[in-house]
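Here is the structure we will look at.
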Amino acid sequence: MTEFEKRLACVIAADGSIARGYMIEKCELIGANQYVITWKVPLQKEAKTNFSCVIGSTEQEAVEPGFCTVGLMADPMKMNVHTYDVAGKPAKRPFHLAVFRGQTG
């Protein structure tokens, strides 16, 4: 039996490309500000999951301010992230995402 993965992480560029990450399968940019992230392990059922998301650079580039929201999807391997400018308008932004998992039961 493999070790239960407790932490997942990624840095996503504004265009949806993966700058770096751990246990991330892929990221798809949909529309103006929705990023669908697929992980290599489930976020639901076998795990209870919490998230932390911040707008931040992928390397050393300047980043426009903003904020992000996160949510689970019906597929237990997927989640979505939406990014916004400071006024709340949908905007592409690079972000850092940490996922903390705990075992159920």
Side-chain angles (χ1 to χ4, degrees):
M1 180 175 227
T2 61
E3 175 71 23
F4 182 79
E5 294 292 340
K6 295 179 178 74
R7 289 181 228 155
L8 317 174
C10 63
V11 176
I12 304 297
D15 67 2
S17 61
I18 300 169
R20 56 193 170 277
Y22 178 69
M23 298 299 287
I24 184 171
E25 183 75 31
K26 67 180 177 177
C27 179
E28 302 169 90
L29 174 61
I30 300 171
N33 73 325
Q34 181 182 9
Y35 301 83
V36 175
I37 297 173
T38 304
W39 297 95
K40 294 180 180 179
V41 295
L43 304 175
Q44 302 174 62
K45 299 192 184 299
E46 75 174 39
K48 293 180 181 178
T49 308
N50 296 294
F51 308 99
S52 178
C53 184
V54 296
I55 300 299
S57 66
T58 58
E59 293 290 335
Q60 298 178 2
E61 77 277 10
V63 177
E64 294 290 324
F67 62 94
C68 48
T69 61
V70 298
L72 295 169
M73 300 180 77
D75 182 333
M77 306 295 265
K78 293 184 178 185
M79 64 176 295
N80 64 56
V81 174
H82 290 86
T83 55
Y84 303 90
D85 66 16
V86 293
K89 181 180 174 187
K92 291 180 179 80
R93 295 286 190 269
F95 59 91
H96 296 230
L97 178 65
V99 180
F100 306 98
R101 297 171 72 232
Q103 287 180 294
T104 60

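Owing to the predicted nature of the structure, the values given are computational and were not obtained by experimental measurement. All values below were derived from every heavy atom in this structure, side-chain atoms included, with hydrogens, water molecules and symmetry-related copies excluded.
Grouping Ile, Leu, Val, Met, Phe, Trp and Tyr residues whose side-chain heavy atoms lie under 4.5 Å apart, directly or via other members, leaves Val54 alone, with no other cluster members. When hydrophobic side chains of Ile, Leu, Val, Met, Phe, Trp and Tyr are connected at separations under 4.5 Å, Val11 ends up as a singleton with no cluster partners. Using a 4.5 Å cut-off between side-chain heavy atoms of Ile, Leu, Val, Met, Phe, Trp and Tyr, Val36 falls into a hydrophobic cluster with Ile30, Met73.
Taking each heavy atom of Met77 and Val41 in turn, the nearest pair found is SD-C, 3.5 Å. For Ala47 against Pro42, the heavy-atom pair with the smallest separation is CB-O, 4.1 Å. Considering every non-hydrogen atom in both Leu29 and Ala14, the closest pair reads CD2-O, 3.9 Å.
Under the rule for a side-chain hydrogen bond (donor to acceptor under 3.5 Å, both in side chains), the partners of Glu46 that lie at least two apart in sequence or sit in another chain are Arg101. Qualifying side-chain hydrogen bond (donor to acceptor under 3.5 Å, both in side chains) partners for Ser17, counting only residues two or more places apart in sequence or in other chains: Asp15. Remark: Phe67 engages Tyr84 in a ring-ring contact (aromatic ring centres under 6.0 Å, His included) (not counting sequence neighbours). For Lys6, the salt bridge (Lys or Arg N to Asp or Glu O under 4.0 Å) partners are Glu3, not counting sequence neighbours. Scored by the side-chain hydrogen bond (donor to acceptor under 3.5 Å, both in side chains) test, Thr58 finds Glu61 as partners (sequence neighbours excluded). For Cys68, the disulfide bond (SG atoms under 2.5 Å apart) test picks out Cys53, with sequence neighbours left out. Applying the side-chain hydrogen bond (donor to acceptor under 3.5 Å, both in side chains) rule to Asn50 yields no partners; only residues at least two apart in sequence or on another chain are considered. Taking Gln60 as the reference, nothing meets the side-chain contact (heavy atoms from CB on, under 4.5 Å) condition, with sequence neighbours excluded.
With Thr83 contributing its side chain and Ala91 its backbone, the two residues share a donor-acceptor pair below 3.5 Å.
Listed by first and then second residue, the ring-ring contact (aromatic ring centres under 6.0 Å, His included) pairs that reach into residues 14-54 are Tyr35-Phe95, sequence neighbours excluded.
Put simply, CD on Gln34 and NE2 on His82 are 4.0 Å apart, with the number rounded to the nearest 0.5 Å. Rounding to the nearest 0.5 Å places CD1 of Ile24 at 5.0 Å from CD1 of Ile37.
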### Task
Check the pair Val81, Ile12 against side chain to side chain contact (heavy atoms under 4.5 Å, CB included), reporting the backbone distance first and the verdict last.
CA-CA 10 Å; Val81 174; Ile12 304 297; over 6 Å; no
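Looking at Met79 and Thr49, their side chains never come closer than 4.5 Å, going by heavy atoms from C-beta outward.
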